[in-house]
Amino acid sequence: MTVASPQLPTAHGDATLLKKVASRPSRCSDLCLQNGGTCNEELGRCDCQKSRKGQYCQEEVPEEELSALCTRLGFPGPKMCLADAPCLNKCNDRGVCVQGFCQCLPGHFGTDCSLSLDDNGMPQILQGTSYTTRAKRPWVYIYELPPVFNAWVKRIRIDRPTFFYFWQRFLSSGTRTADPDKADLFFIPVFHGGDWGKKEHEPFKGKVLGLQEGIVDGMTWLTHWGVYKPVHSPSHPPGTSPRESLLWAPAHNPGRDVVVPVPEGGGFGHDKSPLHPLSRNPPVRNTTFFHAGRVCGVGLPNTSQPWPFNCPPRGRRYSGAVRQRVHAYHHNRTGYAVLPHVKNFSQMLMRSKFCLATQGGGHGNRQVIAAVSGCIPVVIGDHVYQPFEPELDWNDFSVRVLEEQIPILHEILAAVDEETYRRKQAALRCGAQHVLFSSMRGSLIGESGHYDAFETTLEILRAHIDHPGVPPQDLQKVDEKFKRFMACGADEVGQEPPPREPGTPAVCSKSAFDGPSSCRHCVYKSLLGGAHTMCCNSLDLAACPRLW
């Protein structure tokens, strides 16, 4: 039985060339397209929708088998599994989206239908359009894997969808190349469900995604989790074995991996961030130190008990015991607001001088939330790198406190004089640009997107490639271009960069200071509800303005 195929769209681009692409003999049987599949013309592999299987998708997946598959993909059952879901890059109007899977037009293939073969049988990107790989390196080659590894999964369950954001943005940014011989990096689009990188599933065995330890460690990982040395629980009794007290195994290889921030897109009052150049009369920061959120992981802290007894046993490992200790020593200190919950969270962020930036059950996003609010992050977490450390020096715009210094946190913050605080505030605007995914989710502080988290990730990888063997914290000393990039175009962090030339591409804005959100009018909506904010006025990703 064949599948009733939906109406396929007409691809945008040069009609004559696209007709030629569609008329080439397929490397798969005609049954592939008839059964709702897409032929990977480079490999001759027919990729199927979730409900079909067989060499050319000619078989319907039995109900019991489909139920087991959907459970493995994260769905509660086949009904939701087979429901409509967004597709990567909207299939580039070269295919139709079916349950998150792109059924591509004849001749087109790839997870987002962006690929087709030329007269020499070589893959090309968005043939018939103006797409070219951009001048700025690095260039990225993307492996086209069967959809079970990525397109089929239940994306709504992803707590941190950075994997899909990068996958989308490689194309619209112009960093993607279809020629592996010209690529600097190779992206493996395998969804693995979490944020812990190479230590996601078996932290003590070094295995993830079914790969052996040597292969995993040889890869470059983009992860939110910057643990570079073993982290042990400080609340375990003497005599506890290292394995029993181990909280987090190393998951980051400095100089190879990159710690990327969690995408934030305008919550927490960030649409009125005082870092925006048009912000006038920002709130007075009359609270010295602020943190609101879970302290124990489970339950509320007992303010009558000292640490570690201020939390129940099950909650003493949460946050590496950082939040528990900060609460125990400082919850009742004058000028300090350390609370499990507060109603006016966004206002407190903007009325506080310093904000706690630490991990929770795993990596945290408090450093991003604090930075965009203009509150100096107080980083506490031994052996845990913050986003883009050590390539980005967080000492320029934050205060780092060792865990053993938590009892004297108030003395450390009191020692930050007005000039030092002003200097950190000036540097914070650049730091905030680096941790925002502006080119994907829109501007919040008047930034152009040139130095956003996506571009910063690529620039760090470029520096790794160009300077093998140089310690990551020393890259700015040997690479002037890298130093200026990390200073957001200025000579030094904290200095004002030169003004942008008229007509320089910039992202749309979500800031209230720029008027009604221009991101709402983007005609190109992308996966997971985010917007390709460089592509607001065109459905053709090849026509996206290039930041670099």
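Not measured: the values here are computed from a predicted model.
- Considering only heavy atoms from C-beta on, Val493 stays 4.5 Å or farther from Asp393 through its side chain.
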message = With salt bridge (charged side-chain N to carboxylate O under 4.0 Å, His left out) as the criterion, how do Asp466 and Arg462 come out once you've worked through the C-alpha distance, each side chain's angles and the decisive distance to 0.1 Å?
response = CA-CA 6 Å; Asp466 287 354; Arg462 193 274 304 167; 3.0 Å; yes
task = For the pair Lys136 and Glu459, evaluate salt bridge (charged side-chain N to carboxylate O under 4.0 Å, His left out) and give the outcome as yes or no after the intermediate values.
result = CA-CA 9 Å; Lys136 191 177 189 299; Glu459 179 65 6; 2.6 Å; yes
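- Ser319 and Gln324 share a side-chain donor-acceptor pair at under 3.5 Å.
- Counting non-hydrogen atoms of other residues, nucleotides and ligands closer than 6.0 Å to CD of Glu496 gives a total of 12 or fewer.
- Contact check on Asp491 versus Arg484 returns a salt bridge, with a Lys/Arg side-chain nitrogen under 4.0 Å from an Asp/Glu carboxylate oxygen.
- In the model, Asp452 has no side-chain atom that pairs as donor or acceptor with a side-chain atom of His434 under 3.5 Å.
- Here Arg429 does not pair with Glu447 in a salt bridge; the nearest charged N to carboxylate O distance is not below 4.0 Å.
- Contact between Ala251 and Asp257 at its shortest, heavy atoms only, is O-OD2, 4.1 Å.
- Judged purely by distance below 3.5 Å, without hydrogens or angles, the side chains of His464 and Glu391 pair a donor atom with an acceptor atom.
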ask   = For Thr162 and Val262, what are the C-alpha separation, side-chain angles and deciding distance, and is it a side-chain contact (heavy atoms from CB on, under 4.5 Å)?
value = CA-CA 7 Å; Thr162 318; Val262 174; 5.9 Å; no
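- In this structure the side chain of Val338 never reaches within 4.5 angstrom of the side chain of Arg323, judged on heavy atoms.
- With ring centers used as reference points, Tyr385 lies under 6.0 Å from Tyr228.
- A tilted orientation is assigned to the rings of Trp548 and Phe485, their planes being inclined by 30° to 60°.
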key: side-chain contact (heavy atoms from CB on, under 4.5 Å) assessment of Val384 paired with His363   = CA-CA 9 Å; Val384 181; His363 76 274; over 6 Å; no
task = Could you walk me through whether Ile376 and Leu428 pass side-chain contact (heavy atoms from CB on, under 4.5 Å), step by step?
result = CA-CA 8 Å; Ile376 300 298; Leu428 188 59; 4.1 Å; yes
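- Cation-pi check for Lys353 over Tyr421 is met; the charged atom lies under 6.0 angstrom from the ring centroid and within 45 degrees of its normal.
- Residues Pro261 and Val368 form a side-chain contact, since some pair of their non-hydrogen atoms from C-beta on lies under 4.5 Å apart.
- Counting heavy atoms from C-beta on, the side chains of Pro138 and Leu458 come closer than 4.5 Å.
- With 3.5 Å as the limit, one finds no donor-acceptor pair spanning the side chains of Arg366 and Thr358.
- Looking only at side-chain heavy atoms (C-beta outward), Met348 and Val342 come within less than 4.5 Å of each other.
- Note on ring orientation: taking the six-membered ring where Trp is involved, the planes of His276 and Phe513 are tilted (angle from 30° to 60°).
- Other residues, nucleotides and ligands contribute at most 12 non-hydrogen atoms within 6.0 Å of the CG atom of Asp84.
- None of His331, His327, His410, His330 except one satisfies the ring-ring contact (aromatic ring centres under 6.0 Å, His included) rule with Tyr336; the exception is His330.
- When side chains are defined from C-beta on, His224 counts as touching Val260, because their heavy atoms get closer than 4.5 Å.
- Under the 4.5 Å side-chain criterion, counting only non-hydrogen atoms from C-beta, Phe164 is in contact with Val153.
- Closest non-hydrogen pair, Pro263 versus Tyr165, comes out as CG-CD1, 3.9 Å.
- No hydrogens or angles considered: a donor-acceptor pair under 3.5 Å links the side chains of Ser509 and Asp514.
- No side-chain donor-acceptor contact under 3.5 Å links Gln359 to the backbone of Gly320.
- Side-chain contact of His252 with Thr223: a donor-acceptor pair under 3.5 Å is absent, judged by distance alone.
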request  = Verify side-chain contact (heavy atoms from CB on, under 4.5 Å) between Phe170 and Phe454, making sure each step is shown before the conclusion.
outcome  = CA-CA 9 Å; Phe170 284 135; Phe454 175 81; 3.9 Å; yes
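- In plain terms, the two heavy atoms of Pro282 and Ser279 that are nearest each other are CB-OG, 4.3 Å.
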Which pairs of donor and acceptor atoms, one on a side chain in residues 294-302, lie under 3.5 Å apart (sequence neighbours left out)?
residue: Arg294; atom: NH1; partner: Gly297; partner atom: O; Å: 3.3
residue: Asn302; atom: OD1; partner: Ser304; partner atom: N; Å: 3.0
residue: Asn302; atom: OD1; partner: Ser304; partner atom: OG; Å: 2.6

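- Heavy atoms only, all atoms of each residue included: Val435 and Ala453 are closest at C-CB, 4.2 Å.
- For Glu419, the CD atom sits in a packed shell: over 12 heavy atoms of surrounding residues, nucleotides or ligands are nearer than 6.0 Å.
- Contact annotation: the side chain of Thr220 never approaches that of Leu185 to less than 4.5 Å [non-hydrogen atoms, C-beta and beyond].
- In the displayed structure, Arg314 atom CZ is contacted under 6.0 Å by at most 12 heavy atoms of other residues, nucleotides or ligands.
- By the 30° and 60° cut-offs, the orientation of the rings of Phe397 relative to Trp394 is tilted.
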